[in-house]
Participant: 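Would you mind keeping the following structure in view while I ask a few things?
Within every chain, numbering begins at 1; the chains are lettered A, B, ... in the order of the sequence lines, protein sequences first and strands thereafter.
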There are 2 protein chains.
Amino acid sequence: MKSAGKSNPEKRNATSEDVAQLAGVSQATVSRVFAGGANVSEKKRKKILDAAAELEYKPNAQARSLITRKTMMVGIIMRNIKDPFYSAVLEIFHTRLAPLGYQLIFNNSENEIIEEWEIAKLLEFNVEGIIVTDALLSEGATRKLKRSGIVSILFNRHAEGLNCSAVYCDNYLAAQQIATYLVEMGHRTFAFISGPRNTSTTVDRLKGFQEVLRERNIKELTIIPGTYTYESGFKSAQELLTRNKKIDCIFCGSDIIALGVMDAARLVGFRIPEDVSVVGFDNIRMLGWTPYPLTTWEQPLEEMVTSTVELLLKEINDKNAAPRIIAMKGRLVIRNTVRKKK
Amino acid sequence: MKSAGKSNPEKRNATSEDVAQLAGVSQATVSRVFAGGANVSEKKRKKILDAAAELEYKPNAQARSLITRKTMMVGIIMRNIKDPFYSAVLEIFHTRLAPLGYQLIFNNSENEIIEEWEIAKLLEFNVEGIIVTDALLSEGATRKLKRSGIVSILFNRHAEGLNCSAVYCDNYLAAQQIATYLVEMGHRTFAFISGPRNTSTTVDRLKGFQEVLRERNIKELTIIPGTYTYESGFKSAQELLTRNKKIDCIFCGSDIIALGVMDAARLVGFRIPEDVSVVGFDNIRMLGWTPYPLTTWEQPLEEMVTSTVELLLKEINDKNAAPRIIAMKGRLVIRNTVRKKK
DNA sequence: CCGAATTTTGAATACGTATTCAAAATAGAT
DNA sequence: ATCTATTTTGAATACGTATTCAAAATTCGG
């Protein structure tokens, strides 16, 4: 005896052909109702919709995309999804793309540079675009994408020669403003606990920060590159503070790094901000939590995602559009980890 | 003048037909090479692979799925992606599914119960299965999925009548063991700051916890339902501790809740664990951070995801398989937020 | 070297839709 | 009622692949 119940596992989903038959029209007309909604008489439209409802018909996305050459799918490749900043990014991307009918194919990567093999599957699935967060695309990957007519956009990174659009927070400007603020608060000796060296993020921030220091003729800047993790921040701060006690202020490459820095500092006996000031970057939600009233730079998250999606759509609709690089501003959020020094 | 550069936007991707022509064979043979790898002579295979490489040919997933009736796509609907526990879950799902050739379509939802309209798009795209984390499927949605032959699996939830597979941590057992541990540590008055009431998660834990208390003839248990957020935990603890100072221990529905609880408690002047003990649930990575040395229940994350994927594949390959509900154990992780009371 | 068994191959077809083109139906003007 | 302009319709086709079926090529045993 077969398994009971009404569900018949052999039954195929209803097709537009089935609907057409039930409604007494041609398949073409059914298609018109579900595609453009082009000219079709009210009478038949109603019949078709009724038939479709009865059969629980829904258009087949694969068949449709075969003919329209639009898959309505976008790939997203993320590093660091465990960082709350990027969890939020993902959520917002979905919130923006879903109403437009786009599906989001999620991919994880550990790599600083996304290579061809990592996008191969997305190519087979003919995504219309690829969003890459916190990482770069290799030259090979970029070339392949371009040749396949697939739009790609870097989120929170940019690269000069790469011929690839990007949306990011203007780290140069941000670092300048942060540095200015810190100097005006009376700080003179600095450390920068950053993310990986040679990424645009780190380079730009360093440049902006150093520029201000140079103008003010301040020389004390220790640079410690690492990764964007709590552990990295913790370790770096521990080393820094035990070997050199004369740091006024630590500028961190991300909030998560800053949390590690704060915990390490406190563990070594430093009070924040009395003994050492700390500044973060991102303004993640956690900073509302009491142990971490971190002064930080807020990235305009929502706007960055909005711009990215706009750019994406624009390039999808005009494959000849030249790549654009959009820098967004952000703002300093002052909480309680920077002291006023006399 | 048109935009310069070699990329020709009108160029279509190479098809198996193109490859066939270049290699001097039939389209069918090309297909055989890329599909099953079925019988095809070494000589021709080589020719075909060379031609394919030259044309940068890759099979078209949509066309393929049309004929094979396998889309190699799985949908995942997540609540609470901002909770680090679930960020980790997502990452692991991708890590498990990618090597199997499955693409993961990410969806976000705020809802406790996923309704039909939220899965409609996934149905159009013919995903082979849907994973739902931390939420339930409505009856309508479940019925629709079943009728469309789409597998669905609840992750970290379960429901009796729903005829839907589930993988979750055995909350009943966990709560029992936690309660036993707490009682043996000398605690007598308890609060349970939980997630939403009426979810299996909360119900099971409450049942297990209460059972132990009943056995030991302990009556003091205050129950405060909320959501799985820091803010909810913070607020609940604040209320609880200002109105009733005689709580030995607070059992929290998730680690994130517990972090809010701890911060609130400290703010009100309670030391942890000297004045009040706190226990969490999940064992998120953040617990390695110094301010939060939380004793908690570790969910066997990796194993849970592994089981979910196994179940998924099994049901995809045998649509008649009866739904299974798998409860996994986990273990108590003792850190430093529960005191030994005399 | 021959016949049988086996492997390899290509022509044809199906998957489910959108679109083109010409025919049919309708509306509109007189 | 007649003729024209417009709207609505269906037959046919294309999208790019996997698979079936029968024919062609190869291998094998003696």
Participant: Which nucleotide, D/dA12, C/dG16, C/dG10, lies nearest any side-chain atom of B/Arg32?
Facilitator: C/dG10
Participant: To the nearest Å, how far apart are A/Lys70 NZ and D/dC15 P?
Facilitator: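 Roughly 19 Å, once rounded to whole Å.
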Participant: What's the closest nucleotide to the B/Arg69 side chain, out of C/dG16, C/dT9, D/dT17?
Facilitator: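 Between C/dG16, C/dT9, D/dT17, the one nearest the side chain of B/Arg69 would be C/dG16.
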Participant: Kindly point out which of C/dA18, D/dT17, D/dT19 is positioned nearest to the side chain of A/Ile67?
Facilitator: C/dA18
Participant: Categorize A/Val30 for me: base, sugar-phosphate, or nothing, with a 4.0 angstrom heavy-atom threshold over every strand shown.
Facilitator: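 Result for A/Val30 = nothing.
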Participant: Please report the shortest heavy-atom distance between B/Thr142 and B/Leu162, naming the atom on each side.
Facilitator: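 Smallest interatomic distance, heavy atoms only, reads CG2-O, 3.4 Å.
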Participant: Could you check whether B/Phe106 and A/Phe93 have their ring centres less than 6.0 Å apart?
Facilitator: no
Participant: Taking only side-chain nitrogens and oxygens of B/Ser31, does any of them come within less than 4.0 Å of OP1 or OP2 of D/dT17?
Facilitator: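 So the side-chain polar atoms of B/Ser31 never come under 4.0 Å of the phosphate oxygens OP1 or OP2 of D/dT17.
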Participant: If the threshold is 4.0 Å, N to carboxylate O, is there a salt bridge linking A/Glu315 and A/Arg324?
Facilitator: no
Participant: Which nucleotide in the list C/dA18, D/dG16, D/dA18 gets nearest to the side chain of A/Ala35?
Facilitator: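 Looking only at side-chain atoms, A/Ala35 lies closest to C/dA18.
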Participant: Rounded to the nearest Å, what distance is computed from the CD atom of residue B/Glu42 to the P atom of nucleotide C/dT9?
Facilitator: 10 Å
Participant: With a non-hydrogen cut-off below 4.0 angstrom, is A/Lys58 in contact with a base, only sugar-phosphate, or nothing?
Facilitator: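 Result for A/Lys58 = sugar-phosphate.
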Participant: Sort out for me which residue in B/Val30, B/Val33, B/Val19 forms a side chain to side chain contact (heavy atoms under 4.5 Å, CB included) with B/Val25.
Facilitator: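 Exactly one option meets the side chain to side chain contact (heavy atoms under 4.5 Å, CB included) with B/Val25, and it is B/Val30.
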Participant: Scan A/Gln27 against the nucleic acid and name what it touches under 4.0 Å (heavy atoms): base, sugar-phosphate only, or nothing.
Facilitator: base
Participant: Think B/Lys44 has a side-chain N or O under 4.0 angstrom from the OP1 or OP2 of D/dA25?
Facilitator: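 No, because none of the side-chain N or O atoms of B/Lys44 sits under 4.0 Å from OP1 or OP2 of D/dA25.
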Participant: D/dT9 phosphate, OP1 or OP2: any side-chain N/O from A/Ser26 under 4.0 angstrom?
Facilitator: no
Participant: Look at the side chain of A/Asn39 and decide which nucleotide, out of C/dA12, D/dT8, D/dC15, has an atom nearest to it.
Facilitator: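 Of the candidates, D/dT8 comes closest.
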Participant: Considering just the side-chain nitrogens and oxygens of A/Thr29, establish if one lies under 4.0 Å of OP1 or OP2 belonging to D/dG10.
Facilitator: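 Yes.
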Participant: Is the phosphate of D/dT9 approached by A/Lys43 (side-chain N or O, under 4.0 Å from OP1 or OP2)?
Facilitator: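 For D/dT9, OP1/OP2 do not have a side-chain N/O of A/Lys43 under 4.0 Å.
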Participant: Is B/Ser41 near enough to C/dT8 that one of its side-chain N or O atoms lies under 4.0 angstrom from OP1 or OP2?
Facilitator: no
Participant: Of all the nucleotides listed (D/dG10, C/dG10, C/dG16), which has the minimum atom distance to the side chain of A/Ala28?
Facilitator: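 That would be D/dG10.
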Participant: Nearest heavy-atom pair of A/Val40 and A/Lys44: which atoms, and what distance?
Facilitator: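 Result for this residue pair: CG2-CB, 4.3 Å.
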Participant: Return whichever of B/Val40 or B/Leu66 has its heavy-atom-nearest nucleotide of DNA chain C closer to the 5' end.
Facilitator: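 Final value for this comparison: B/Val40.
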